[in-house]
Amino acid sequence: MEYILKTDKLTKSYKKFKVLENLNMNIPKGSIYGLIGKNGAGKTTLMRIICGLQKPTDGTYSIYGVENNDKRIIKIRKRMGAIIETPSLCLDMTAEDNLKEQCKVIGLPNFNGLTEILRLVGLANTMHKKVGQFSLGMKQRLGIGIALVGNPDFLILDEPINGLDPEGIIEIRELILKLNKEKQITFFISSHYLDELSKIATCYGFINNGRIIKEITSQELEKNFNKKIEIKVSNIKECIKYLEELKMQYKIVSNEVIDIYEKINVSDIVIALSKRGCIVNDFQEKGESLENYYLNLIGGADND
Ligand code: ATP
């Protein structure tokens, strides 16, 4: 597996207080890596260090295989874009002019590709409007647009959906997925919105007290989730008979509700049962959430 970012015993201390302690993490190329941890766990500090805004006290990290102590890291960082905390935007300038400013800041020789960036972040029609008139969601998308200047293939986003309304959240989700798929951009995202993160992340790092206590892919995590389908039926005896015939794993919850622990096609079951005179009155897919997994993990770690 190829990794965009690796850290090795990364440590950051303020006097005796260790914000990060021997932190080891690995971000696979092409992934959307979700960083999860409570307030003060060290997420922003970690991201600031990776961006070169702070220096580690101890330990190292490498980006595209280049260690932070290597001079080449300055060049390598040009392949990265980031929004740490809130994007820095000039409100009295247009979206296009904000992007042009960024071109100057990072020393690009021309303004080529800015229209494509504005299209990608859905601001092509509003590029001449002053950013002060933008909604929070538009500002956040412009922030991502600014991070895209220079054509990076690794984006770091600290809490990208904080304060956004549902529509804004969906826009950012779709933008991240689009950039990941179409531009093969690897993402490193911190978020407290676990439900939202679980819709896009392909792997997770759980941080607690300055350490990564678990790294897991979304596929591995799904295997951990005890998925089940809860069905409410009119004739429980007939339903049990049917599930027995199919050798399915199930649990009787009440005299009309059964939990089925198998991957099933619900419409097939509904049709099959109705032929046997048993009506399915309701069904719900249930399973452990990312939030529960996180709480169990953190609970366990805090009790160590
Ligand atoms: P949040 O989710 O609230 O943004 P976080 O996980 O991003 O939290 P950090 O902002 O990285 O956490 O802070 C981690 C810890 O480091 C906090 O306890 C914070 O008070 C402390 N800290 C951060 N910067 C400094 C500093 N310059 N001096 C002393 N302590 C600091």
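Just so we're clear, the structure is a prediction, and the values are computed from it rather than from any experiment. Order of listing sets the numbers, starting from 1, for every ligand and every atom in it.
Of the protein's heavy atoms, Gly40 N, 2.8 Å lies nearest to atom 8 (O) of ligand 1. For atom 30 (N) of ligand 1, the nearest non-hydrogen atom of the protein is Tyr14 CD1, 3.4 Å. For atom 16 (O) of ligand 1, the closest heavy atom belonging to the protein is Val19 CG2, 3.2 Å. Among all protein heavy atoms, the one lying closest to atom 2 (O) of ligand 1 is Lys43 NZ, 2.9 Å. Scanning all protein heavy atoms for the shortest distance to atom 1 (P) of ligand 1 gives Asn39 ND2, 3.6 Å.
A salt bridge between Lys183 and Glu116 is present, with a side-chain N of the basic residue lying under 4.0 Å from a carboxylate O of the acidic one.
A side-chain hydrogen bond (donor to acceptor under 3.5 Å, both in side chains) with Ser190 is found for one member of Thr44, Asn162, Asp158 and no other, namely Asp158.
Within ligand 1, the atoms closer than 4.0 Å to a non-hydrogen atom of Lys38 are 6 (O), numbered from 1 in the order shown. Each of the following atoms of ligand 1 lies closer than 4.0 Å to a heavy atom of His192: 2 (O). Each of the atoms 16 (O), 18 (O), 21 (C) of ligand 1 lies under 4.0 Å from some heavy atom of Phe17. Within ligand 1, the atoms closer than 4.0 Å to a non-hydrogen atom of Thr45 are 9 (P), 11 (O), 13 (O), numbered from 1 in the order shown.
Distance check on atom 5 (P) of ligand 1: some protein heavy atom falls below the 4.0 Å cut-off. Inside a 4.0 Å radius of atom 19 (C) of ligand 1 there is not any protein heavy atom.
A side-chain donor-acceptor contact under 3.5 Å links Glu244 and Tyr250. With 3.5 Å as the limit, one finds no donor-acceptor pair spanning the side chains of Gln184 and Asp153. Between the side chains of Glu159 and Tyr193, no donor N or O sits under 3.5 Å from an acceptor N or O. Counted by atom type alone, Asn281 and Lys232 present zero donor-acceptor pairs between their side chains at under 3.5 Å.
No cation-pi contact links Arg276 to Tyr242, judged by a cut-off of 6.0 Å to the six-membered ring centre and 45° from its axis.
Counting heavy atoms from C-beta on, the side chains of Gln284 and Ile229 never come closer than 4.5 Å.
Using cut-offs of 30° and 60° for the angle between ring planes, the Phe206 and Tyr293 rings count as tilted.
For atom 10 (O) of ligand 1, the choice among Asn209, Ile49, Thr44 with the nearest heavy atom turns out to be Thr44.
Distances between N or O atoms of Ala41 and those of ligand 1 include at least one value under 3.5 Å. In terms of polar-atom proximity, Gly37 is not counted as a contact of ligand 1, lacking any N or O under 3.5 Å from an N or O of the ligand.
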